[in-house]
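Here is the structure we will look at.
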Protein chains: 2
Amino acid sequence: MTQLLDVRKMNILRAIIDDYILTAAPVGSRTLSKRDDIELSPATIRNEMSDLTELGFLEQPHTSAGRVPSEKAYRLYVNNIMDRAHITDDEAEYIRRHLEQRVSEVGDVIKETARMLSGITNYTSVVQSPHLRNARLKHISLIPVSEGSALAVVVTNSGATNSTMLKVPKGITAQDLEKISKLMNERMIGYRLTDVHKTLLPLLREEIGEQADTVAEMLGSLDKDLGKQSVEVVGASKMLDFPEYSDVAKAKSFLSEIERGEMLSEVLSENEGVEISVRIGNENDNPELKDCSVVTVSYRVGGEQVGSMGVIGPTRMDYGKVVAVLRCMSESLGKVLSSMLGSGSENNNDQ
Amino acid sequence: MTQLLDVRKMNILRAIIDDYILTAAPVGSRTLSKRDDIELSPATIRNEMSDLTELGFLEQPHTSAGRVPSEKAYRLYVNNIMDRAHITDDEAEYIRRHLEQRVSEVGDVIKETARMLSGITNYTSVVQSPHLRNARLKHISLIPVSEGSALAVVVTNSGATNSTMLKVPKGITAQDLEKISKLMNERMIGYRLTDVHKTLLPLLREEIGEQADTVAEMLGSLDKDLGKQSVEVVGASKMLDFPEYSDVAKAKSFLSEIERGEMLSEVLSENEGVEISVRIGNENDNPELKDCSVVTVSYRVGGEQVGSMGVIGPTRMDYGKVVAVLRCMSESLGKVLSSMLGSGSENNNDQ
DNA sequence: TGTTAGCACTCATCCCTTTCGAGTGCTAAC
DNA sequence: GTTAGCACTCGAAAGGGATGAGTGCTAACA
């Protein structure tokens, strides 16, 4: 498929895309022939453009307008043409530095990542907090809050903490809770929460005694709760900077959808297992994103993929830069989280 | 000041405001004379409108347009004219019901409140989480997380829970932490955090021994952290529904400001001590809000004002409905929080 | 055979004018 | 004090060139 296009066509296509990314205006043959990297007359270029249009890489808003890249063109561009190293060492250094200053809490790091991501790219950024599914228990506290409810605080080996309100059966007293949490701390530390729930709990049943059902229920709801990954969105309003969204109705429907939030976690969870993913226009499932491109990247802590982040922008986004920035951010975030969370990486490897 | 306007002028002004709130279009004399509640000819109305314009209650976009209410008019309307009981018992019941279903966590209740508030009014809603400044300690856990950091989990008598990452001096071991938290639980329960920090700590110093400084520092940073009130915003994009924001640049600058978030906490903390506050157009400090009105209301748990919420909309917002809804929401939220948090109200009163 | 100049043609955009109508203010009559 | 009548204002919408960026095609050139 690559060889469908000769070098010259490739160059012209790249030039058109580069130009269009910058200006959002249809690109004409004269404009192109003025560029230094293309030494052809407008007429020749027109012939090539005509071919490219026929091949589906270019589109014409109307007869007497310039050409606009099609989604197929962006796809080709992303796969084969763009130069990825659009990010300087300085910028990379800046990202790392800036992230490492925020040493306090995971949530803050995620927020800061989202802010930087949107700040550097000038698109909407989306960053998912790391999931704890495979984290190992380090400490559990059950703190009585009121009749019928207790707060479960879980610290994992990755240093992440999570507190969840649990319902507690009527009969259970504060002493019971203390007993249970003591037992849990003695026996369950070092296991994955899912392991505890599925594997270990049955073995421990007799030892726990009459409260076994309570514990099981608590673990179940904990399990569910730890699976939830929050999502930080920054710069949604930046979409209004682009002429693509100069129509208020369009802007509104996009922003509402972002605000609802459901789309976002879908978008981020779609690329499990993949390192980096670029979805262009209609490649997105969500119809609200059909004029957008979404670039997502997963990040790892201690070798394990624990979350992802991404950028949402118009289809004519600066893919090269975005991909480079995301690569860098993913790496930095991974490092920062790993180091922040201390022992995380070592303990995670022994199965 | 009220008596500057006779009954007829008042009626006309109210009619104009009502109409303008609905349509956002300048109101003319003919339109008014067609209304059932005004039995005057257009010419007569024109005379009155001319007077009202001279008095500063109406403005004319241009000579041959209808009249638009001025901010002064809205002020008068809010203070003297509007009928407040714009909300039916059914709606009030709906609000209460809907909130009470969300019994799990304070954060969820706040989110749901914000969602409903924006849903019912169709404006942007802003809801602050309750502050814990005067809450009394019920339980403290210090959980070692990694070298140099520990998680402090505080449960207050109001049932609110809050966890904060604390820096811990190098020398402190897990055992130390346990000892400290045990001591704190024994001696500090029932006090306000600020009391503990300022009053009780000095008295306890010797008893705590060498870790006193550590405890002091921890309490200090806890204190600061518990003072933070998060803010939930829902429906910011709804502003785009209004013709006032059909200009994308204007919409963008408004949304960016909302997204930055700082303005919001300012707006909400301005009305401490006041029950309900209406700020119209330029009455707002923030220039970004000069075309908006902000209605805020505080809410109480156990007799004490612990937070506030509000609605942001165009100056021609439906003040009557908004005020009524906010009143109801404030009451419901207070009740739900009080009941949710169990013992909250009783214990809060004994000084 | 590939490249280029020339030319007729298309069509969105800009600007100007005209028309339309909602709304006003004033005056005179009731 | 209220109202009908009327001239006047002015924004919004509709129409109509002119402009110019851009195309496709053809024929000539290297």
Side-chain angles (χ1 to χ4, degrees), chain A residues 5-13 15-20 22-70 73 243-244 246-248, chain B residues 5-13 15-20 22-70 73 243-244 246-248:
Chain A
L5 297 184
D6 57 32
V7 178
R8 199 168 76 177
K9 281 199 172 54
M10 276 288 205
N11 274 334
I12 290 177
L13 187 54
I16 292 175
I17 295 179
D18 282 344
D19 206 78
Y20 189 72
L22 224 66
T23 65
V27 186
S29 54
R30 252 177 68 83
T31 320
L32 281 184
S33 81
K34 280 185 204 138
R35 285 178 63 125
D36 291 343
D37 56 344
I38 293 189
E39 314 220 300
L40 293 166
S41 77
T44 312
I45 295 175
R46 278 205 290 281
N47 286 331
E48 295 290 23
M49 281 163 78
S50 178
D51 290 352
L52 284 168
T53 307
E54 213 163 306
L55 289 168
F57 291 106
L58 295 177
E59 283 161 4
Q60 260 180 312
H62 55 266
T63 333
S64 73
R67 303 303 213 281
V68 166
S70 69
E244 281 87 341
S246 60
D247 176 30
V248 184
Chain B
L5 298 184
D6 57 32
V7 178
R8 199 168 76 177
K9 281 197 172 54
M10 277 289 207
N11 274 335
I12 290 178
L13 186 55
I16 292 176
I17 294 179
D18 283 344
D19 206 78
Y20 189 71
L22 224 66
T23 64
V27 186
S29 53
R30 252 179 68 85
T31 320
L32 282 183
S33 82
K34 278 186 204 138
R35 287 177 61 122
D36 292 343
D37 55 345
I38 294 191
E39 313 220 301
L40 294 166
S41 78
T44 313
I45 296 175
R46 277 206 290 281
N47 287 331
E48 296 288 26
M49 280 163 82
S50 178
D51 291 351
L52 284 168
T53 306
E54 213 164 305
L55 289 168
F57 291 105
L58 294 178
E59 283 161 4
Q60 258 181 312
H62 55 267
T63 333
S64 73
R67 301 306 212 281
V68 166
S70 68
E244 282 88 341
S246 59
D247 175 31
V248 183

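On a predicted model such as this, the values are computed, not experimentally measured, just so you know. Residue numbering restarts at 1 for every chain, and letters A, B, ... go by the order of the sequence lines.
In this structure, Ser70(A) and Gly56(A) approach most closely via the heavy-atom pair OG-O, 2.7 Å. Residues Ser246(B) and Val248(A) share a closest heavy-atom pair of O-CG2, 3.0 Å.
Across the protein-nucleic acid pair, Ile38(B) atom CD1 and dT2(D) atom P stand 13 Å apart, rounded to whole Å. Distance Glu48(B) CD to dT24(C) C1': 16 Å, rounded to the nearest Å. Atom pair Ile45(B):CD1 and dG25(C):P shows a separation of 13 Å (rounding to whole Å applied). Regarding Asp6(B), its CG atom lies at a distance of 12 Å from the P atom of dG1(D), rounded to whole Å. Per the geometry, CD belonging to Glu39(B) stands 15 Å off C1' belonging to dT3(D), to the nearest Å. Computed from coordinates, the Glu59(A) CD to dG22(D) C1' distance equals 17 Å when rounded to whole Å. Distance Asp19(B) CG to dG23(C) P: 10 Å, rounded to the nearest Å. In this structure, Lys34(A) atom NZ and dA21(D) atom C1' are separated by 10 Å, rounded to whole Å.
A close approach under 4.0 Å does not occur between any side-chain nitrogen or oxygen of Thr31(B) and OP1 or OP2 of dA22(C). Here Arg30(B) does not reach the OP1 or OP2 of dT24(C): none of its side-chain N or O atoms lies under 4.0 Å away.
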*Reading nucleotides 5-11 of chain D from the 5' end, what letters show protein touch, with B for base, S for backbone sugar-phosphate only, - for no heavy atom under 4.0 Å?*
B---BBS
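Of the two residues near DNA chain D, Asn47(A) and Gly66(A), the one whose nearest nucleotide lies more 5' is Gly66(A).
To the nearest 0.5 Å, atoms OH (Tyr20(A)) and CG (Leu13(A)) are separated by 13.5 Å. Atoms CG and CG, on Leu52(A) and Asn47(A) in that order, are 11.0 Å from each other to the nearest 0.5 Å.
Across all strands shown, dA28(C) forms a Watson-Crick or G-U wobble pair, both distances under 3.5 Å, with dT3(D). Nucleotide dC20(C) is matched to dG11(D) when pairs are restricted to Watson-Crick or G-U wobble geometry with both distances under 3.5 angstrom.
Between Arg8(A) and Glu48(A), at least one side-chain N (NZ, or NE/NH1/NH2) sits under 4.0 Å from a carboxylate O, which counts as a salt bridge.
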*Passes side-chain hydrogen bond (donor to acceptor under 3.5 Å, both in side chains), Thr53(B) versus Ser50(B)? Steps please.*
CA-CA 5 Å; Thr53(B) 306; Ser50(B) 178; 5.9 Å; no
_Under the criterion side-chain contact (heavy atoms from CB on, under 4.5 Å), I'd like the reasoning laid out for Val68(A) against Ile16(A): C-alpha separation, chi angles, the key distance, then a yes or no._
CA-CA 8 Å; Val68(A) 166; Ile16(A) 292 175; over 6 Å; no
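Out of dT24(C), dG22(D), dT3(C), the shortest distance to the side chain of Thr44(A) is found at dT3(C).
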